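These figures come from a predicted structure and were not determined experimentally. Whatever order the structure lists ligands and atoms in, that order sets their numbers, starting from 1.
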Amino acid sequence: MNSRTLIKNLAALPDGPVTVAGWVETVRDQKKVQFVILRDESGAVQLVNPATRELDPEGVSVGAAEALATTETISALSHGSFITVTGELKHDERVKLGGIEVKIGSLEVVAEANPETPIAADSSLDKRMDWRFLDLRHPKQHLIFRIQTTFLHALRTYWVEHDFIEIHTPKLMASASESRAELFEVDYFEGKAYLAQSPQFFKQMAQPAGFGKVFEVGPAFRADPSFTSRHATEFTSVDAEMSWVDSHEDVMKMHEELLVAGFTAVKEKHGAEIAELFGIDLQVPTTPFPRIPLAEAKQIVADRGYVIPRTDEDMDPEGERQIAAYVKETYGHDFVFLTDYASSIRPFYHMRREGDPGITNSYDLIYNGVEISTGAQREHRIDVLVEQAKEKGLDPEELEFYLDFFRYGVPPHGGFGMGLARVLMLMLEEHSIRETTYLFRGPTRLLP
Ligand code: AMO
């Protein structure tokens, strides 16, 4: 490893010799002076070289010949090439980019880029996805993944401080956990396996295992053929599950505290950069988040003039936008828990309301008008669970391994699953989860 200085650390150094390394963002090759904007993972700096031209290399001193060679190298530098530069750092208020520049002493082209860059600032999202590694060089894209790191770190810290255990459940499954319609089937030796749609069954297994509280951040797969801005065929699911809940209310309480921890960390560390690059003044939500039963939410939306096409169904995307607008106007909040979903539109493992079995102890969390999460108290009474599975048309024999979890003692429990890329998309007001997923997977995208 060479002793390079990260560009973000240059400003704090005194004038003097430094080595920096990164990729060439722009070259301004003027007659008497050359400027290179060099970027690394931490920022950008201006490099300057007094151009030495039209010397006869045969007849000059070694130093002058080297200066001529450097000038020629810079003239030929292609955008995107990775270079190492040793030179003199100089603080100069007149330099727009950070008030510093590095006067080039020596420059080495470590890896040259093809001169024709395949994407430009105005390239389509799809084209940018084709060249994702180049697209990710942009400061905005970089920031997204630094925010993701900070956000997940804060969630983990919250969980660890609250005695949650981190688990990693298998992604190769013998059966579906969510809808059969969205299941990827793969050859598995003599038989078939399915890619996990959610860690649902195995995070629940941690409850009879006596783990108390668990979380997982891992991949989930959905064979969903849709091309919306919010669906991927593979996404990172952020899951939690905990014992001894009295109802979904306990899950929502943990969920909102967790998000406050995540947003606080992101605002503290990246608030200024988010304002600069995304033009957003990130808000840390206040608790409690508003809670509205689904039936009431539908009525509110209808009163605003939007009638959800099928009243027996879930909110549709426009309904989610409308209820979010209402919550923003009424409570000044970006989040809303929609609660009390009908049993008819919830999976068999959701607990139904005592004395009102048409309703489940469940919720969806809407953030800036889009669903980011589903949570619920689970049905842990085996006889009721079997009945609910049958009622949903599931084959209890196929679910035997899961039903066994409930036959040897299990505490009441509940949890949620949350799509990571959706949270980031809504936090940064991006238009697609393609922007907030490192490498997007969709019906027509398996590369790169
Ligand atoms: P659900 O199916 O609602 O619930 O998924 C939970 C959250 O995961 C995200 N998500 C997706 N993100 C991108 N592309 C997709 N195709 C996709 N599908 C889902 C969303 C969604 O809110 N087992 C339950 C959770 C639980 O009850 O604990 C489940 O998977 O943000």
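- Heavy atoms of D224 found under 4.0 angstrom from ligand 1: none, in either backbone or side chain.
- Residue M418 places no N or O, backbone or side chain, under 3.5 Å from any N or O of ligand 1.
- Q204 does not count as a contact of ligand 1, since none of its heavy atoms falls under 4.0 Å from the ligand.
- What sits closest to atom 31 (O) of ligand 1 on the protein, heavy atoms only, is I372 O, 2.8 Å.
- The shortest distance between side-chain heavy atoms of T374 and H350 falls below 4.5 Å.
- Neither the backbone nor the side chain of F221 has any atom closer than 4.0 Å to an atom of ligand 1 (non-hydrogen atoms only).
- Ring geometry, Y326 versus Y331: the interplanar angle exceeds 60°, so the pair is classed perpendicular (tilted spans 30 to 60°).
- Relative ring orientation between F201 and F348 is described as perpendicular, the plane-to-plane angle rising above 60° on a 0-90° scale split at 30° and 60°.
- Distance from atom 8 (O) of ligand 1 to its nearest protein heavy atom, with residue and atom name: F235 CE1, 3.5 Å.
- The closest side-chain donor-acceptor pair between Y341 and D364 falls under 3.5 angstrom.
- A donor-acceptor contact closer than 3.5 angstrom is absent between the side chains of Q204 and Y349.
- With a 4.0 Å heavy-atom cut-off, ligand 1 is reached by the backbone of H231 and by its side chain too.
- R230 O, 3.5 Å is the protein heavy atom nearest to atom 13 (C) of ligand 1.
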Under the side chain to side chain donor-acceptor pair (under 3.5 Å) criterion, do S124 and D126 qualify, and how do the steps go? CA-CA 5 Å; S124 69; D126 216 40; 5.9 Å; no
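- Of the heavy atoms in S198, only side-chain atoms (C-beta onward) come closer than 4.0 Å to ligand 1.
- Of all the heavy atoms of R346, none lies under 4.0 Å from any atom of ligand 1, so neither backbone nor side chain is involved.
- Using cut-offs of 30° and 60° on the angle between ring planes, the pair F289 and H333 is tilted.
- Atoms of ligand 1 lying under 4.0 Å from any heavy atom of S373, numbered from 1 in the order shown and given with element: 22 (O).
- Salt bridge absent: K213 and D163 never bring a charged side-chain N and a carboxylate O closer than 4.0 Å.
- For the pair K203 and ligand 1, a heavy-atom separation below 4.0 Å is found.
- When only non-hydrogen protein atoms are considered, atom 27 (O) of ligand 1 lies nearest to R378 NH1, 2.9 Å.
- Using a cutoff of 4.0 Å between basic side-chain nitrogens and carboxylate oxygens, D135 and R132 are scored as salt-bridged.
- The protein non-hydrogen atom at the shortest distance from atom 3 (O) of ligand 1 is T374 OG1, 2.7 Å.
- Ligand 1 places these atoms under 4.0 Å from at least one heavy atom of Y349: 23 (N), 24 (C).
- Within the 4.0 Å heavy-atom cutoff, E182 does not count among the residues contacting ligand 1.
- Using a 4.0 Å cut-off between a side-chain N of Lys or Arg and a carboxylate O of Asp or Glu, R128 and E435 qualify as a salt bridge.
- Counting only heavy atoms of the protein, atom 14 (N) of ligand 1 lies nearest to A232 N, 2.9 Å.
- In this structure, R156 pairs ionically with E166, as a charged nitrogen and a carboxylate oxygen lie closer than 4.0 Å.
- Nearest protein neighbour of atom 21 (C) of ligand 1, counting heavy atoms only, is E371 OE2, 3.2 Å.
- The aromatic rings of W23 and F82 sit tilted, their planes meeting at an angle between 30° and 60°.
- Residue S237 places every heavy atom at 4.0 Å or more from ligand 1.
- Remark: R137 does not engage E25 in a salt bridge, criterion side-chain N to carboxylate O under 4.0 Å.
- Counting only heavy atoms of the protein, atom 7 (C) of ligand 1 lies nearest to G417 O, 3.7 Å.
- Atom 5 (O) of ligand 1 has its nearest heavy-atom neighbour, among R222, Q197, H350, Q200, in R222.
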